[in-house]
Amino acid sequence: MKKTLFVIVLLVSSVLLYNCHSSKKMMATTRPAAPKITYAANIQDLVATNCTPCHIPAKGGFKKPLDTYAAASANIDEMLTRIQLNPGDKGFMPFKHEKLSDSTIALFKAWKATGVAEN
């Protein structure tokens, strides 16, 4: 009787442990998708805030315009290079301002990495 009870407990425990393992595996493989990074939703406001007035013609800027999706997406490589420089380095942007935060720079990088979507 004790042997039978022991075998039943062992089988039930094995089934329970097996199911726990597979549910953890399923949870690990079904992660929610990362939010889509687009010019309109994420980048446009950053450019308007950090690149004004120099790169915004409507605000009197006379440098290379970056106020449209076409301009920003065409110049993303140069923008990334320049915003990653340190203040004092030649070409550092935003000129005469503090370096952008790591999270802001990461957003520009992610926008490029995901294909520079407009909307």
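All heavy atoms count here, side chains included; hydrogens, waters and symmetry mates do not.
- Taken together through direct or relayed side-chain contacts under 4.5 Å among Ile, Leu, Val, Met, Phe, Trp and Tyr, L100 and M79 form part of one hydrophobic cluster.
- Contact check on D67 versus K59 returns no salt bridge, with no Lys/Arg side-chain nitrogen under 4.0 Å from an Asp/Glu carboxylate oxygen.
- Nearest heavy-atom pair, G91 versus R82, reported as atom, atom and distance to 0.1 Å: O-NE, 2.8 Å.
- Within a 6.0 Å radius of NZ in K99, other residues, nucleotides and ligands contribute more than 12 heavy atoms.
- Side chains of L46 and L107 form a contact here, defined as non-hydrogen atoms less than 4.5 Å apart.
- Of the inter-residue distances, the one linking C54 atom SG with H97 atom NE2 reads 7.0 Å to the nearest 0.5 angstrom.
- Atoms CD and CD, on Q44 and E118 in that order, are 9.0 Å from each other to the nearest 0.5 Å.
- Residues K64 and N75 have side chains in contact (heavy-atom distance under 4.5 Å, counting atoms from C-beta outward).
- Note that the CD1 atom of I83 and the CD1 atom of I105 stand 5.0 Å from one another [nearest 0.5 Å].
- Side-chain contact check for L80 versus K109: some heavy-atom pair is nearer than 4.5 Å.
- I56 is connected to I76 through a chain of hydrophobic side-chain contacts under 4.5 Å among Ile, Leu, Val, Met, Phe, Trp and Tyr, so both are in one cluster.
- In this structure, Y69 and V116 have side chains that are in contact, with non-hydrogen atoms separated by less than 4.5 Å.
- Between the CD1 atom of I37 and the NZ atom of K112 there is a distance of 14.0 Å, given to the nearest 0.5 Å.
- Put simply, the side chain of T104 reaches to within 4.5 Å of the side chain of S101, judged on heavy atoms.
- To the nearest 0.5 Å, the span separating CE on M93 from NZ on K63 amounts to 7.0 Å.
- Heavy-atom contacts from other residues, nucleotides or ligands closer than 6.0 Å to CG of D102 number 12 or fewer.
- Interatomic distance, F108 CZ to N50 CG, rounded to the nearest 0.5 Å: 6.5 Å.
- In terms of heavy-atom proximity, P65 sits nearest to A71 at O-CB, 3.3 Å.
- Under the 30°/60° scheme for interplanar angles, the aromatic rings of Y39 and W111 are found to be tilted.
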